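The structure under discussion appears below in the form of structure tokens.
Residue indices begin at 1 and follow the sequence shown. If you're wondering where the values come from, they're calculated on a predicted model, not measured in any experiment.
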Amino acid sequence: MNIIIVDDDKLVCSALKTILESTPNFNVIKICNSGEEAIEAYSALKPELMLMDIRMGGMTGVDAGEKILLKYPDAHILYLTTFADNEYIIKALKIGAKGYLLKQNFDSIIPAIKAVESGQRVFGDEIIAKLPEMQWDKYSSMEKYDLTEREIDIITLVADGLSNKEISGELFLSEGTVRNYISTILEKLELRDRTQLAIFYYKNK
């Protein structure tokens with residue numbers, strides 16, 4: 001896997017390069033120190049993954065990521081940052097980033113990259129825990145996904161952390177019916193599990 005690292009701290013870049021290249025088939029092909037450099041490097045090299053910081057001198061990582069993803073929608077961008085600001089997390093979700101991790105969780109970087117490589121999105125436990133408290137009013141709705149009102153009700157309750165049994169009680173449905181609804185929803189949205197469904201909800205609420 002060809003990877004570009006983007007961070008304005010050269011020591012962090014060096015440490016990340018060492019960590020990544022200790023893993024078989026991980027190859028760091030470029031190190032960038034700004035969002036502007038990241039855009040140019042992505043266009044020139046088309047890496048399989050870009051591991052990018054959020055706050056850097058000049059353009060932020062999310063602004064750089066947005067520009068890259070507008071031009072290359074299939075780009076795999078994974079954010080690695082010390083900042084768990086709601087604004088950044090929401091925008092990372094909105095632009096289609098593949099993940100958002102905190103730097104203090106260095107042990108999770110390799111598993112996260114492998115998960116992204118296999119087609120998953122990865123958000124650290126600290127990030128997922130913050131999703132319900134965020135303000136999402138200015139972001140897009142779920143209407144464009146052709147979901148029924150009942151399906152949206154179930155997605156909402158899943159995102160609130162309710163079990164199938166609890167959802168069945170809330171909506172006066174059998175647990176089997178709830179399971180069937182969730183299976184249908186996951187298939188319709190091409191999602192893998194309840195965690196991805198919760199992320200979908202908070203991205204599109």
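The OG atom of S168 sits 5.0 Å away from the CD atom of E175 when rounded to the nearest 0.5 Å. Taken from CG in D8 to CG in N33, the straight-line distance is 7.0 Å, to the nearest 0.5 Å. Of the inter-residue distances, the one linking D160 atom CG with I167 atom CD1 reads 9.0 Å to the nearest 0.5 angstrom. To the nearest 0.5 Å, atom OG1 of residue T177 and atom CZ of residue R150 are 10.0 Å apart. With rounding to the nearest 0.5 Å, the separation of CD1 in I19 from CD1 in I113 is 9.5 Å. Note that the NZ atom of K91 and the CD1 atom of I54 stand 10.0 Å from one another [nearest 0.5 Å].
Residues passing the side-chain hydrogen bond (donor to acceptor under 3.5 Å, both in side chains) test with K188, sequence neighbours excluded: E151. Residues satisfying the side-chain hydrogen bond (donor to acceptor under 3.5 Å, both in side chains) criterion with S108, sequence neighbours excluded, are absent altogether. In terms of the ring pair (Phe, Tyr, Trp, His ring centres under 6.0 Å) criterion, Y79 has no residue partners (sequence neighbours excluded).
Two residues are said to be in side-chain contact when any heavy atoms from C-beta on lie closer than 4.5 Å; L51 and I4 fail this criterion. Under the 4.5 Å side-chain criterion, counting only non-hydrogen atoms from C-beta, N2 is not in contact with L45. Side-chain contact between E37 and S34 is present, with at least one heavy-atom pair separated by less than 4.5 Å. Contact check for R194 versus I182: side-chain heavy atoms found under the 4.5 Å cut-off. Using a 4.5 Å cut-off on side-chain heavy atoms (C-beta onward), M52 and I5 make no contact. Side-chain atoms of F26 and L49, non-hydrogen and from C-beta on, never get closer than 4.5 Å to each other. Side-chain contact between I185 and V158 is absent, with no heavy atoms from C-beta onward closer than 4.5 Å. Considering only heavy atoms from C-beta on, I39 comes within 4.5 Å of M59 through its side chain.
Criterion: ILVMFWY side-chain heavy atoms under 4.5 Å apart, direct or through other members. Under it, V12 and I110 are part of a common hydrophobic cluster. Note on Y42 and I29: same hydrophobic cluster, where clusters join Ile, Leu, Val, Met, Phe, Trp and Tyr whose side-chain heavy atoms are under 4.5 Å apart, directly or indirectly.
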Going through the checks in order, is the side chain to side chain contact (heavy atoms under 4.5 Å, CB included) test met by Y100 and T81?
CA-CA 8 Å; Y100 194 114; T81 180; 3.6 Å; yes
Tell me, with the steps shown, if I77 and I68 meet side chain to side chain contact (heavy atoms under 4.5 Å, CB included).
CA-CA 9 Å; I77 296 176; I68 291 168; 4.1 Å; yes
Tell me, with the steps shown, if Q120 and Q196 meet side chain to side chain contact (heavy atoms under 4.5 Å, CB included).
CA-CA 9 Å; Q120 301 177 38; Q196 289 191 345; 4.2 Å; yes
Take V6 and M50, measure what side chain to side chain contact (heavy atoms under 4.5 Å, CB included) needs, and give me the verdict at the end.
CA-CA 7 Å; V6 186; M50 179 167 274; 3.9 Å; yes
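Note on K103 versus D7: salt bridge recorded, some NZ/NE/NH1/NH2 to OD/OE distance being below 4.0 Å.
Shortest non-hydrogen contact noted between V62 and I95 is O-CD1, 3.7 Å. Between C13 and C32, the shortest heavy-atom distance links the atoms SG-O, 4.3 Å. Scanning all heavy atoms of the two residues, the minimum distance from L69 to A75 falls at CD2-O, 3.5 Å. Residues K30 and A41 share a closest heavy-atom pair of CG-CB, 4.1 Å. M1 approaches E48 most closely through the heavy-atom pair CA-OE2, 3.3 Å.
In this model, a donor atom of one side chain and an acceptor atom of the other lie less than 3.5 Å apart for D63 and T60.
Within 6.0 Å of the CG atom in D193, the count of heavy atoms belonging to other residues, nucleotides or ligands exceeds 12. Counting non-hydrogen atoms of other residues, nucleotides and ligands closer than 6.0 Å to NZ of K114 gives a total of 12 or fewer.
For E21 (side chain) and V28 (main-chain N/O), a donor-acceptor pair under 3.5 Å exists by modelled atom type.
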